[in-house]
Number of protein chains: 2
Amino acid sequence: MTDTGQNPITDQVYKARQFCEDKGARFTLLREKVYALLLEQQGAVGAYELLDTLKLTESNAKPATVYRTLDFLLEFGLIHKIESTNAFVACHHFDCNHPVQFLICDTCGDVKEIQSVGLKDTLDKQAQSVGFRVVNQTIEAHGTCAACQ
Amino acid sequence: MTDTGQNPITDQVYKARQFCEDKGARFTLLREKVYALLLEQQGAVGAYELLDTLKLTESNAKPATVYRTLDFLLEFGLIHKIESTNAFVACHHFDCNHPVQFLICDTCGDVKEIQSVGLKDTLDKQAQSVGFRVVNQTIEAHGTCAACQ
DNA sequence: AAAATTAGTGTTATTATATAACGGTTTGTT
DNA sequence: AACAAACCGTTATATAATAACACTAATTTT
Ligand SMILES: [Zn+2]
Ligand SMILES: [Zn+2]
Ligand SMILES: [Zn+2]
Ligand SMILES: [Zn+2]
């Protein structure tokens, strides 16, 4: 599997494998499959919906199978969790250490990841002004995307 | 039950009753009890933990009892939900129409509500710049509060 | 190469969070 | 009093997530 420039998903999976191996982490077949499934989806996917899809090729998959795999992908930043919907989305920029915010369209389900440093800094600053030290942020906006208006 | 200036919780409950009645909503005993329970807690409380406490005086309370009551309180802005922990906190400013953000201490569990208009506007603007219309925001920071550092 | 260690997976069971549906009761309105 | 709407009791079920343990594959040490 190489970066051919032909298939965006294949290329992204390839990048993910390189990324993991560079960090000494094993990008197993299961992890690859789950990551690829998330790349194929548009919008976020719940763990059990993902499980159903995974079962098509991994008939013995169970909840723990999925959650363990998601935990790995989350830990290495290959995916993100949407807290307000308990769902997961693939990240395309896992190699660039970015702040994460989401715009979630409640009409079509589309999830757009934005990386606003300004937004992150604003929250950090607000916290700092009351002596709070931020370790991680959850910023999610629900509403209507451009296409749905 | 009047605003005596003696007991902050009693006063807050009184304000909540006035607020609901002004809107033609019924602030029933159940709703009052649940709101008061949340006021007594420090930090956020899960629905089932709340249920256990509620059962001490309402022995026949069930999950639906709690969730229905929480739905009402959420709808009228008397409480907020913390999406990243599936927990609920009482709001003390339900009458002033404010943006909502939370600073959640992962050490002591304290939840501080802040109301940064600047933060809200920054997110709205970021969304607007890609044609996204925001209906509601979830902004939660996890980390360490001043007291725990 | 064999042994030991660590990481990953299969499997079963359980816990935690949330909603659906239906009937009865209370409240407000006509 | 009759009616409608809102509220609550109750049972069942759906959805989301983790715990625990045995087994296997990969990596490291000897
Ligand atoms: Zn990302
Ligand atoms: Zn849309
Ligand atoms: Zn508030
Ligand atoms: Zn603290």
Legend entry - Strand-adjacent residues in residues 55-68 of chain A, judged by heavy atoms under 4.0 Å from DNA chain C: A:Asn60, A:Lys62, A:Ala64, A:Thr65, A:Arg68
Inset, instruction - Report yes or no: does B:Thr69 contribute a side-chain atom to a donor-acceptor pair with the main-chain N or O of B:Thr65 at less than 3.5 Å? - result: yes
Legend entry - Row check, A:Phe27 ring normal vs A:Arg17 NZ/CZ: under 6.0 Å, within 45°: no
Legend entry - Contact list for DNA chain D against residues 33-51 of chain B - heavy-atom distance below 4.0 Å: none
Inset, instruction - Please indicate whether A:Gln128 has more than 12 foreign heavy atoms, meaning atoms of other residues, nucleotides or ligands, lying under 6.0 Å from its CD. - result: no
Legend entry - Atom-pair distance (CG on B:Leu30; P on C:dT27), nearest Å: 13 Å
Inset, instruction - Tell me whether the centres of the aromatic rings in A:His98 and A:His80 are closer together than 6.0 Å. - result: yes
Inset, instruction - Would you work out how much the helix from C:dA1-D:dT30 to C:dT30-D:dA1 bends between its ends, with each end axis defined by five base pairs, to 10 degrees? - result: 30°
Inset, instruction - Take atom NZ of A:Lys23 and atom C1' of C:dA7, then tell me their distance rounded to the nearest Å. - result: 18 Å
Legend entry - Side-chain donor/acceptor of A:Gln137 to backbone N/O of A:Lys120, under 3.5 Å: yes
Legend entry - Side-chain (A:Arg31) to main-chain (A:Arg26) donor-acceptor, under 3.5 angstrom: yes
Legend entry - Spacing of A:Leu29 atom CG relative to D:dA25 atom P, expressed in whole Å: 14 Å
Could you give the side-chain donor-acceptor pairs of residues 99-111 of chain A under 3.5 Å, partners two or more places apart or in another chain?
{"from": "A:Gln101", "atom 1": "OE1", "to": "A:Ser116", "atom 2": "N", "distance (Å)": "2.7"}
{"from": "A:Gln101", "atom 1": "NE2", "to": "A:Ser116", "atom 2": "O", "distance (Å)": "3.1"}
{"from": "A:Asp106", "atom 1": "OD1", "to": "A:His142", "atom 2": "ND1", "distance (Å)": "2.7"}

Inset, instruction - Would you check if there is a donor-acceptor pair between the side chains of A:Asp95 and A:Gln18 at a distance under 3.5 Å? - result: no
Legend entry - B:Phe19-B:Phe94 aromatic ring centre distance below 6.0 Å: yes
Legend entry - A:Gln149 and A:Thr144: side chain donor to acceptor below 3.5 Å: no
Inset, instruction - Starting at atom CD of A:Glu32, determine the distance to atom P of C:dG8, rounded to an integer number of angstrom. - result: 15 Å
Inset, instruction - Taking only the side-chain nitrogens and oxygens of A:Arg26, find out if one of them lies under 4.0 Å from OP1 or OP2 of C:dT6. - result: no
Inset, instruction - Not counting sequence neighbours, list each pair that qualifies as a side-chain hydrogen bond (donor to acceptor under 3.5 Å, both in side chains) and has a residue in residues 35-54 of chain A. - result: A:Gln12-A:Tyr35
Legend entry - B:Asn86 side-chain N/O to C:dA16 phosphate OP1/OP2 under 4.0 Å: no
Inset, instruction - Tell me, yes or no, whether the heavy-atom count around A:Lys33 atom NZ, taken from other residues, nucleotides or ligands under 6.0 Å, exceeds 12. - result: yes
Inset, instruction - Would you jot down, in residue-number order, the residues of residues 69-85 of chain B having a non-hydrogen atom under 4.0 Å from DNA chain C? - result: B:Lys81
Inset, instruction - Determine, using the 4.5 Å side-chain heavy-atom cutoff (strictly less than), whether B:Ile82 and B:Leu73 are members of one ILVMFWY cluster. - result: no
